[in-house]
Amino acid sequence: MNNCFKLLSLSVKGNVRAISTTAPVAGKRNFRKFNVYGKRGTRVVKEAQRTMANPPVAIQKRGVRDTGITINGQFVEIPEKIPEIIVPDLTGCKLKPYVSYKAPEVVQSEFTSLDLFNAIYSEKILADYKAGKLEADGSAKEPSDNEQLTPEIALLRARKTGSDIF
């Protein structure tokens, strides 16, 4: 028991040596990982960023794109540059947001123009043929809205926002 008190008193009285396995920092810190946008530069540089069209040091916008352009010092909004988020109404949807990794992989062939024709026009053509509503050249006597489209209007509708072309 006496030996324990002696060891305890020695460790309290004297300095304890330790071995460090890390490199000494010596007061140096790596500030490159701390992004301090908008804090660097002198007042002259910041004034140039505010007033000049093409400043010598670009303004850091943190990855956000402009929704317009500056013309003669005036900022002009461009509606096409504003993101439009289309969200479906999911009320009453029975599906859950999770898909298991054990789910079987679905392989689907490419959707061709023949598949598109069969999905949209084939039923009407068969119904018109059976009812005798076709002209001598094979066109319909009473064409539907999709059959009356010109190629230019059909292309414009396909490229319109919200279509499933992309």
Would the number of heavy atoms belonging to other residues, nucleotides or ligands and lying under 6.0 Å from [atom1] of [X] be above 12?
X      : atom1 : result
Ile86  : CD1   : yes
Asp137 : CG    : yes
Gln74  : CD    : no

Would you check, one step at a time, whether the test side chain to side chain contact (heavy atoms under 4.5 Å, CB included) holds for Thr42 with Val45? CA-CA 5 Å; Thr42 62; Val45 171; 3.5 Å; yes
Joint cluster assignment, Leu126 & Ile120, ILVMFWY side-chain distance < 4.5 Å: no
In this structure, would Leu114 and Tyr121 fall into the same cluster of hydrophobic residues linked by side-chain contacts under 4.5 Å? no
Taking salt bridge (Lys or Arg N to Asp or Glu O under 4.0 Å) as the definition, give me every residue that meets it alongside Arg43, ordered by chain and number, with sequence neighbours left out. none
I'd like to check the salt bridge (Lys or Arg N to Asp or Glu O under 4.0 Å) partners of Asp115; sequence neighbours left out, ordered by chain and number. none
Give every residue pair that meets the salt bridge (charged side-chain N to carboxylate O under 4.0 Å, His left out) criterion with at least one member in residues 66-82, sequence neighbours excluded.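 Of all non-adjacent pairs touching residues 66-82, those that pass salt bridge (charged side-chain N to carboxylate O under 4.0 Å, His left out) are Lys61-Asp66.
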Side-chain donor-acceptor distances from residues 90-104 under 3.5 Å, at least two apart:
residue: Thr91; atom: OG1; partner: Asp89; partner atom: OD1; Å: 3.3
residue: Thr91; atom: OG1; partner: Asp89; partner atom: OD2; Å: 3.2
residue: Ser100; atom: OG; partner: Lys102; partner atom: N; Å: 3.0

Of all heavy-atom pairs linking Lys141 and Gly132, the shortest is NZ-O, 3.9 Å
Minimum heavy-atom distance between Phe117 and Ile125, given as atom pair plus value: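 Smallest interatomic distance, heavy atoms only, reads CZ-CD1, 3.5 Å.
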State whether the side chain of Thr51 and the backbone N or O of Glu47 hold a donor-acceptor pair below 3.5 Å, judged by distance alone. yes
Result block: side-chain N/O donor-acceptor pairs under 3.5 angstrom for residues 142-154, not counting sequence neighbours:
residue: Glu147; atom: OE1; partner: Ser144; partner atom: N; Å: 2.8
residue: Thr150; atom: OG1; partner: Ile153; partner atom: N; Å: 3.3

Name all residues meeting the side-chain contact (heavy atoms from CB on, under 4.5 Å) criterion together with Leu156; count only those two or more places apart in sequence or in a different chain, and write none if there are none.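 For Leu156, no residue satisfies side-chain contact (heavy atoms from CB on, under 4.5 Å) once neighbours in sequence are set aside.
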